[in-house]
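Notes to accompany the following structure.
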2 protein chains.
Amino acid sequence: MNNNLLLEKQLCFRLYSLNKLMCRLYAPVLKDLALTYPQYLVMMVLWQYKAGISVKDLGAKLDLDSGTLSPLLKRMEKQTLIKRERDTKDERVVLIKLTQKGIELQQSAEHIPAKMFAVTGLSPEKLQALNLTLDQLIDNLGD
Amino acid sequence: MNNNLLLEKQLCFRLYSLNKLMCRLYAPVLKDLALTYPQYLVMMVLWQYKAGISVKDLGAKLDLDSGTLSPLLKRMEKQTLIKRERDTKDERVVLIKLTQKGIELQQSAEHIPAKMFAVTGLSPEKLQALNLTLDQLIDNLGD
DNA sequence: CATAATTAGATTGTACGCAATACAATTGCA
DNA sequence: TGCAATTGTATTGCGTACAATCTAATTATG
């Protein structure tokens with residue numbers, strides 16, 4: 001009997017498990033900022049693009065489509081973290097911009113990366129090596 | 001300005017992206033078996049435990065709670081892939097067992113691991129090294 | 001042996017993730 | 001210019017994830 005179908009052998013299951021573990025580890029930290037994990041990812045993009053970014057470009061960065069982003073962004077708008085404005089140059093485009101509250105939240109998030117790095121228990125070198133391997137894999141999987 | 005909050009620097013975002021990429025790559029392959037990705041994970045456990053397994057033990061293997069598993073298993077029961085029976089020794093326990101259809105589906109899945117391995121573009125050695133690193137990380141994150 | 005504590009599942013409510021579809025704005029081209 | 005194709009976003013529907021809560025069954029303890 002072929003045993004290649006064992007759960008423990010699958011790379012995909014490791015990635016599935018790790019993603020869930022990460023979400024759970026971030027959850028209590030992000031709760032202080034009243035953010036969910038995907039909302040935190042959105043905020044990281046917006047902190048980088050303070051002039052604003054279209055839903056489309058945001059989706060390209062996060063690899064998420066409008067079916068996910070539209071309701072997610074509406075919830076964030078309701079929390080007054082972001083504003084949504086039609087682009088006057090192209091009315092199809094919705095530009096996402098941080099509110100003052102959204103901008104200020106960055107300070108409260110500055111400590112998170114170091115904190116989460118510590119949780120991984122990896123040395124800086126191991127982390128970098130892992131990141132490189134994962135980037136290569138993302139590339140191979142034809143992102 | 002601290003730039004540790006860049007999306008591209010985050011290990012968590014790589015894992016988040018890879019998990020989604022994996023799901024998308026499996027989706028068309030699993031569509032032939034009429035399985036979703038989490039259902040495929042459940043089937044792998046059941047193919048290993050043909051005598052049956054409790055919902056609790058299944059949840060421990062997959063790291064999923066009853067809030068996720070109960071409806072998921074009901075959908076699988078509706079597809080007649082599995083049966084759900086109360087354990088006569090302990091009426092609180094629900095035992096999950098494959099139907100004949102569920103058992104036979106394994107043959108149709110045997111080709112999937114090799115196929116997906118090919119997609120990764122990794123050598124067997126690189127894959128094994130990556131799996132080891134990820135297992136260590138899973139361990140560190142306190143699975 | 002009665003009752004409190006524990007355990008196994010189910011249910012409810014919220015939030016993704018994504019396919020499929022719809023629609024309005026823009027662009028391309030005859 | 002007129003109209004088809006394309007583009008950007010929104011909506012709908014389904015399937016996870018998971019916290020919180022509930023119920024029934026079992027176990028522990030005085």
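Chain naming here is simple, since letters A, B, ... match the order of the sequence lines and numbering starts at 1 in each.
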Under 4.0 Å between a side-chain N or O of [X] and OP1 or OP2 of [N]?
{"X": "Arg84(A)", "N": "dA10(D)", "answer": "yes"}
{"X": "Thr68(B)", "N": "dA17(D)", "answer": "no"}
{"X": "Arg86(B)", "N": "dT26(D)", "answer": "no"}
{"X": "Arg75(B)", "N": "dT16(D)", "answer": "yes"}
{"X": "Tyr37(B)", "N": "dG15(D)", "answer": "no"}

Nucleotide nearest [X] when distance is taken to its side chain, options [options]:
{"X": "Lys56(B)", "options": "dT16(D), dT26(D), dA8(C)", "answer": "dA8(C)"}
{"X": "Thr36(A)", "options": "dA15(C), dA19(D), dA25(D)", "answer": "dA15(C)"}
{"X": "Lys20(B)", "options": "dA10(D), dG17(C), dC16(C)", "answer": "dG17(C)"}

Q. Start at the 5' end of DNA chain C and walk down; is the nucleotide closest to Thr88(A) or to Gln39(A) reached first?
A. Gln39(A)
Q. Starting at the 5' end of DNA chain C, which residue's closest nucleotide do you reach first, Leu64(A) or Lys89(A)?
A. Leu64(A)
Within this structure, what is the [atom1]-to-[atom2] distance between [X] and [N], rounded to whole angstrom?
{"X": "Asp57(B)", "N": "dG9(C)", "atom1": "CG", "atom2": "P", "value": "8 Å"}
{"X": "Leu35(B)", "N": "dC14(D)", "atom1": "CG", "atom2": "C1'", "value": "16 Å"}
{"X": "Asp65(B)", "N": "dT12(C)", "atom1": "CG", "atom2": "P", "value": "15 Å"}
{"X": "Asp63(A)", "N": "dA19(C)", "atom1": "CG", "atom2": "C1'", "value": "15 Å"}
{"X": "Ile96(A)", "N": "dT9(D)", "atom1": "CD1", "atom2": "C1'", "value": "10 Å"}
{"X": "Leu73(A)", "N": "dA15(C)", "atom1": "CG", "atom2": "P", "value": "14 Å"}
{"X": "Ile53(B)", "N": "dA8(C)", "atom1": "CD1", "atom2": "P", "value": "13 Å"}
{"X": "Leu72(B)", "N": "dC18(D)", "atom1": "CG", "atom2": "P", "value": "12 Å"}

(Q) Quick check on salt bridge (charged side-chain N to carboxylate O under 4.0 Å, His left out): which of Asp139(B), Asp135(B), Asp63(B) does Arg14(A) satisfy it with? (A) Asp135(B)
(Q) Mind checking if Lys74(A) touches a base, just sugar-phosphate, or nothing, with heavy atoms under 4.0 Å? (A) sugar-phosphate
Q) Using a cut-off of 4.0 Å on non-hydrogen atoms, how would the nucleic acid contact of Asp90(A) be classed: base, sugar-phosphate, or nothing? A) sugar-phosphate
**Q.** Presence of salt bridge, Lys89(B) and Asp87(B), under 4.0 angstrom
**A.** no
Q) Could a donor-acceptor pair under 3.5 angstrom be found where the side chain of Ser66(A) meets the base of dA10(D)? A) yes
Q.
With hydrogens left out and only the distance checked, is there a donor-acceptor pair under 3.5 Å joining Arg92(B)'s side chain and the base of dT7(C)?
A. yes
**Q.** Backbone N/O of Arg92(B) and side chain of Arg86(B): donor-acceptor pair under 3.5 Å
**A.** yes
Q) Heavy atoms, side chains only, cut-off 4.5 Å: are Asn3(B) and Lys9(B) in contact? A) yes
**Q.** Any side-chain heavy-atom pair of Glu77(B) and Thr99(B) under 4.5 Å
**A.** no
Q) Which of parallel (below 30°), tilted (30 to 60°) and perpendicular (above 60°) describes Tyr26(A) and Tyr40(A)? A) tilted
(Q) Need to verify one output field. Residue with the more 5' nearest nucleotide on DNA chain D, Pro38(B) or Leu69(A)? (A) Leu69(A)
